[in-house]
Amino acid sequence: MKKMSFQRCARTDKGVSAAGQVVSLKVWLLDNIVEKINGNLPSHIRILGMKRVTGRFNSKNSCDARTYSYTLPTFAFAHKDHSLQEENFRLDQETLNKVNELLALYKGTHNFHNFTSQKGPRDPSAKRYIMEMCCEPPFLQGGLELAVIKVKGQSFMMHQIRKMIGLVIAVVKGYAPSSIMERSWGEEKVDIPKAPGLGLVLERVHFEKYNRRFGNDGLHDSLDWAEEEEQIEAFKKSHIYPSIIQTEIEEKSMASWLATLSIHDYDATSQETNTVDNKVEGSAQSDDGGDSD
């Protein structure tokens, strides 16, 4: 691996899928090399394309942003005081607007020490820059209404995205006041629920600085996903979405997690709760300068 200078762009937690990952390595330019590699891989791992890069290109260090998606059943946004049949719930426009207003608050640079483990409020590495975050209109798949939340940022810490989404769900459902959003970026410890890992997908990795410098030099290709878009969508529909839906139906991970939201303390500084979280999540601080959610 070292001899071929193998490097992966992004790292994800166990159970998190990837629809747009990049690895860099030195290979012989054999005929039909992509097909030959795929011939040795299982169907749920596919090489979609290959592009020539500069000699010192490193997929991890050259990446300047990551986009993740989080697919969830829309009943997660139903208010806690409303009784509902999960499969019959439909997200209305007013609730979707509220979700997007809350998600938009994350944009910009904030101190996300409350959204990960083992980082204090004065740790410079807890500050992260979020470029975009929104929830797309819902759609029906496999008899369940789903929605997709997209977030683009320079880098993410362990569990950060799941806690960002968990907090918004807690507010929309009426468990927490909207003021908790601003408070969570302050120095005090805030008890933030962590949404299930099921549904989190690495959508894209971005090389915008590299593309500006080398993408049009006549020797190297621009590292974008235009040619692979159709393959990516087909891969998600055949492998990722069915897995998310089937697992949710069988294990009810979202429904089970929603039942725990009432036990969190959203009003007070919760040092005690944070200590418990750290014991559960362990002391891992995997922050590779990129993402590890």
Side-chain angles (χ1 to χ4, degrees), residues 1-71 141-142 148 150-156 161 197-247 286 288-293:
M1 299 291 272
K2 190 173 182 180
K3 188 175 181 180
M4 69 172 73
S5 303
F6 183 91
Q7 182 61 268
R8 82 289 182 277
C9 177
R11 176 171 54 184
T12 61
D13 280 353
K14 180 182 178 181
V16 177
S17 298
Q21 172 71 291
V22 166
V23 298
S24 51
L25 70 162
K26 296 174 181 176
V27 296
W28 293 105
L29 295 178
L30 307 173
D31 291 338
N32 302 317
I33 187 170
V34 171
E35 289 81 1
K36 288 175 180 176
I37 295 174
N38 281 331
N40 288 278
L41 294 173
S43 62
H44 60 279
I45 302 177
R46 294 285 90 185
I47 305 298
L48 301 180
M50 182 178 69
K51 296 192 177 183
R52 184 180 179 183
V53 291
T54 56
R56 294 186 177 181
F57 178 82
N58 179 300
S59 59
K60 174 186 162 188
N61 297 337
S62 299
C63 179
D64 42 36
R66 287 97 173 150
T67 295
Y68 277 84
S69 69
Y70 188 83
T71 302
Q141 181 98 15
V148 177
K150 294 271 184 75
V151 55
K152 180 181 180 182
Q154 282 183 336
S155 59
F156 299 96
I161 296 173
L198 180 68
L200 188 61
V201 176
L202 175 64
E203 285 280 337
R204 298 286 188 279
V205 285
H206 305 271
F207 300 90
E208 290 157 10
K209 291 178 184 176
Y210 174 89
N211 287 343
R212 284 195 295 270
R213 185 173 179 184
F214 299 109
N216 298 306
D217 65 359
L219 297 173
H220 305 96
D221 296 319
S222 181
L223 299 181
D224 58 50
W225 299 91
E227 296 175 12
E228 290 77 32
E229 286 290 352
E230 287 188 15
Q231 293 182 75
I232 289 172
E233 286 306 310
F235 182 82
K236 287 195 291 187
K237 287 179 180 177
S238 62
H239 291 283
I240 296 178
Y241 290 149
S243 174
I244 292 172
I245 294 168
Q246 191 61 34
T247 305
S286 45
D288 55 3
D291 47 280
S292 54
D293 207 310

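Computed from a prediction, not measured in an experiment: that's the story for all the values here. Along the sequence shown, residues are numbered consecutively beginning with 1.
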Closest non-hydrogen atom pair between Gln21 and Leu202, with its separation: OE1-CD2, 3.9 Å

Taken to the nearest 0.5 Å, the spacing of Tyr68 OH from Ile161 CD1 works out to 5.5 Å

Heavy-atom closest pair, residues Ile45 and Leu41: O-CB, 3.5 Å

Could you state the interatomic distance from CD1 (Ile244) to OG1 (Thr71), rounded to the nearest 0.5 Å? 4.5 Å

Nearest 0.5 Å please: distance from the SG atom of Cys63 over to the NZ atom of Lys209. 11.0 Å

Leu219 side, atom CG; Arg52 side, atom CZ - distance, nearest 0.5 Å: 6.5 Å

Residue pairs involving residues 225-237 (criterion salt bridge (Lys or Arg N to Asp or Glu O under 4.0 Å); sequence neighbours excluded): Glu203-Lys236, Arg204-Glu229, Glu233-Lys236

Can you name the closest pair of heavy atoms from Ala18 and Ile240 and give their distance? O-CD1, 4.3 Å

Does Asn58 use its side chain to pair, donor to acceptor, with the backbone of Asn61 at less than 3.5 Å? yes

Between Ser222 and Asn211, the two heavy atoms sitting closest are OG-CG, 3.3 Å

Candidate pair Asn38 and Arg46, rule side-chain contact (heavy atoms from CB on, under 4.5 Å), full reasoning: CA-CA 6 Å; Asn38 281 331; Arg46 294 285 90 185; 3.5 Å; yes

Main chain of Asp31, side chain of Lys36: is a donor-acceptor contact present, judged purely on distance under 3.5 Å? yes

Decide side-chain contact (heavy atoms from CB on, under 4.5 Å) for Asp221 and Met50; before the verdict, give the C-alpha distance in whole Å, the side-chain angles of both, and the deciding distance to 0.1 Å. CA-CA 10 Å; Asp221 296 319; Met50 182 178 69; over 6 Å; no

Main chain of His220, side chain of Lys51: is a donor-acceptor contact present, judged purely on distance under 3.5 Å? no

Could you name each residue pair satisfying ring-ring contact (aromatic ring centres under 6.0 Å, His included) that touches residues 18-39, not counting sequence neighbours? none

Worked check of side-chain contact (heavy atoms from CB on, under 4.5 Å) between Leu48 and Phe235: CA-CA 10 Å; Leu48 301 180; Phe235 182 82; 5.5 Å; no

Does anything in residues 39-58 form a ring-ring contact (aromatic ring centres under 6.0 Å, His included)? List the pairs, not counting sequence neighbours. Phe57-Phe207, Phe57-Tyr210

Do His206 and Thr67 have side-chain N/O donor and acceptor atoms under 3.5 Å apart? yes

Mind running side-chain contact (heavy atoms from CB on, under 4.5 Å) on Val22 and Leu223 for me, showing each step along the way? CA-CA 10 Å; Val22 166; Leu223 299 181; 6.0 Å; no

Which atom of Val148 lies closest to which atom of Tyr241, heavy atoms considered: CG2-OH, 4.3 Å

Testing the basics here: between Gln7 and Ser59, what is the closest heavy-atom pair and its distance to 0.1 Å? O-OG, 2.9 Å

